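Scroll down for the structure; my scribbles are underneath it.
Since we're looking at a predicted model, the values are computed, not measured.
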Amino acid sequence: MPVSFGLGLFTGQVPPGSARTFAEEYRDMLELARLGDAAGFASLWVSEHHGAADGYLPSLNVMLAAMAAVTERAELGMGVALAPFNHPLRFAEDCAVVDQLSGGRLLVGLGLGWREEEFRAFGVRPSERVARTAELVEVCRRAWTQERFSYGPFTDVAVTPKPAHPVPILIGGTVEASVRRAGRLGDGFLSSQWAAPPADFLQRVAVFEAGVRASGRDPADMLLVAFLNVWVTLDGRVPDEVAARIWHQAGAYAAWAVPSDVPGRPFAMPAFDRAEVAARVIAGTPDAVAARLGAWVDELRDRRVVLAVRLHYPGLPLAPAAAALELFASRVAPQLA
């Protein structure tokens, strides 16, 4: 089976202090989605967080609906929606509308969430996240396939319209228990791999597939998605502007883990580290990037796999991201077909 290439994650982040507006960021995201669709990327991916100082995208279905309007072919994926913070019935309805708008191109990806500030903001206990995720999965599947359904607090409920196609539900995870659970519940698996070699992803896939088999299903039917940081230029360099934006992507998670960006502790990025940037991105000339991604393609070509490459980083202007997108599509992807 061929490995396909996706584009993303699109996260809508604007680093604090930037002169860039969110309107500009969103407009550029839609233009990059249009360019990616035209250039042959098989899928486009967005991601969710809440209450972040950099405005990390909180509304995935809103953005995917806008992307549906400017694209024609690429699938539209969530990588991921945070299940515990989404009302199951409303989420099922919104997804159905996006799937209809896109002509059956939606891929739902779910995660459990980990940032304590988000659980506090939504009034959800972290101990509830597994049960809430399982409930969301079950409600969506019933809502999208049954005329009326009853489940948990929902009695004799109808969700209309139905999606335009059977919407797969992919589930993310990192630790073994969550990955195995993804295999039991999901139609596929998602994992952010930054710039790691494929061995780590394959270890997670083995655990996921064990969960799939335990649920009585065939791993060959499952879709696998790996998110990778990539930068490609003709001279192989990562300009300072791009390196700073890659660092914000990585540093924001480090800042949240401290934690900062919580009441009484303003958002505080760690000091810029060029070596850490280099470790988190597959960067270089088209040939060099193709060589590194070739290891992924070789290891995964017998499975249904999307390698989603990130070519736009928080606050990065349109021009360099568009140039990297076009160079990847014209000079990297053809080497890996």
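In plain terms, the two heavy atoms of Pro286 and Leu234 that are nearest each other are CD-CA, 4.3 Å. Summarising the geometry of Val230 relative to Leu311, their closest heavy-atom pair is O-CD2, 3.5 Å, with the distance given to 0.1 Å. What you find for Ala308 and Trp45 is that their closest heavy atoms are CB-CD1, 3.9 Å. The shortest heavy-atom contact between Arg237 and Asp235 is N-OD1, 2.9 Å. Nearest heavy-atom pair, Pro320 versus Pro317, reported as atom, atom and distance to 0.1 Å: CD-O, 3.4 Å. Residue Val277 comes nearest to Val281 through the heavy atom pair O-CG1, 3.2 Å, listed as atom of the first residue, atom of the second, then distance.
More than 12 heavy atoms of other residues, nucleotides or ligands shown are found within 6.0 angstrom of CD on Gln335. The neighbour count for Gln146 CD, taken as heavy atoms of other residues, nucleotides or ligands under 6.0 Å away, is above 12. A 6.0 Å sphere centred on CZ of Arg274 holds more than 12 heavy atoms belonging to other residues, nucleotides or ligands. For Arg331, the CZ atom sits in a loose shell: 12 or fewer heavy atoms of surrounding residues, nucleotides or ligands are nearer than 6.0 Å.
Looking at heavy atoms from C-beta onward, Trp296 lies out of side-chain contact with Leu336 at the 4.5 angstrom threshold. Looking at heavy atoms from C-beta onward, Ile171 lies in side-chain contact with Val137 at the 4.5 angstrom threshold. When side chains are defined from C-beta on, Leu7 does not count as touching Phe328, because their heavy atoms never get closer than 4.5 Å. Considering only heavy atoms from C-beta on, Trp114 stays 4.5 Å or farther from Phe119 through its side chain. Under the 4.5 Å side-chain criterion, counting only non-hydrogen atoms from C-beta, Met78 is in contact with Cys95. Side-chain contact between Phe10 and Met63: absent, with no pair of heavy atoms (C-beta onward) separated by less than 4.5 Å. When side chains are defined from C-beta on, Val309 does not count as touching Val289, because their heavy atoms never get closer than 4.5 Å.
The backbone N or O of Val306 lies less than 3.5 Å from no partner atom in the side chain of Ser4, so there is not a single donor-acceptor pair. Judged by distance alone, with hydrogens and angles left aside, the side-chain atoms of Arg73 form a donor-acceptor pair with the main-chain N or O of Phe41 at under 3.5 Å. When atom types are taken as modelled, the side chain of Arg217 and the backbone of Gly183 share a donor-acceptor pair closer than 3.5 angstrom. Side-chain atoms of Ser260 come within 3.5 Å of backbone N or O of Ala255 as a donor-acceptor pair. For the pair Gln13 (side chain) and Asp54 (backbone), a donor-acceptor distance under 3.5 Å is absent. At least one donor-acceptor pair under 3.5 Å links the side chain of Arg129 to the backbone N or O of Gly113.
Atom CG of Leu170 and atom CG of Leu107 lie 6.0 Å apart (nearest 0.5 Å).
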- request: Test side-chain contact (heavy atoms from CB on, under 4.5 Å) on Val179 and Phe189 and set out the steps.
  value: CA-CA 8 Å; Val179 175; Phe189 175 64; 4.0 Å; yes
message: Checking Thr233 against Trp231 for the side chain to side chain donor-acceptor pair (under 3.5 Å) test, could you report, in this order, the C-alpha distance in whole Å, the side-chain angles of both residues, the deciding distance, and whether it holds?
response: CA-CA 7 Å; Thr233 56; Trp231 192 253; 5.0 Å; no
Test log, rule side-chain contact (heavy atoms from CB on, under 4.5 Å), inputs Val62 and Tyr26: CA-CA 11 Å; Val62 173; Tyr26 293 167; over 6 Å; no
field: Full working for salt bridge (charged side-chain N to carboxylate O under 4.0 Å, His left out) between Arg34 and Glu31
entry: CA-CA 5 Å; Arg34 187 191 68 79; Glu31 177 60 10; 2.6 Å; yes
Check against side-chain contact (heavy atoms from CB on, under 4.5 Å), Thr21 and Val14: CA-CA 7 Å; Thr21 68; Val14 175; over 6 Å; no
side-chain contact (heavy atoms from CB on, under 4.5 Å) assessment of Arg310 paired with Thr11: CA-CA 10 Å; Arg310 186 166 190 159; Thr11 56; 3.0 Å; yes
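The existence of a salt bridge linking Arg304 and Asp187 is excluded, since no basic side-chain nitrogen approaches an acidic carboxylate oxygen closer than 4.0 Å. Between Arg132 and Glu135 there is no salt bridge, since none of the side-chain N atoms of the basic residue sits less than 4.0 Å from a carboxylate O of the acidic one.
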Throw together a table of side-chain donor-acceptor distances under 3.5 angstrom for residues 194-208, partners on residues two or more places apart or in other chains.
residue	atom	partner	partner atom	Å
Asp200	OD2	Gln193	NE2	2.9
Arg204	NH1	Ser191	OG	2.6
Arg204	NH1	Gln193	OE1	3.2

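Between Phe267 and His248, the angle of the ring planes lies from 30° to 60°, which puts this pair in the tilted group. Between Trp256 and Tyr56, the ring planes are tilted. Angles from 30° to 60° get that label.
Using modelled atom types, one finds no donor on one side chain facing an acceptor on the other under 3.5 Å when comparing Asp287 with Thr285. In the model, Ser18 has no side-chain atom that pairs as donor or acceptor with a side-chain atom of Arg245 under 3.5 Å. Counted by atom type alone, Thr133 and Arg181 present zero donor-acceptor pairs between their side chains at under 3.5 Å.
Applying the ring pair (Phe, Tyr, Trp, His ring centres under 6.0 Å) test to residues at least two apart or on different chains, the pairs with a partner in residues 141-179 are His87-Phe154. Within the structure, every pair that satisfies the salt bridge (charged side-chain N to carboxylate O under 4.0 Å, His left out) test and touches residues 111-123, not counting sequence neighbours, is listed here: Arg115-Asp261, Glu117-Arg120.
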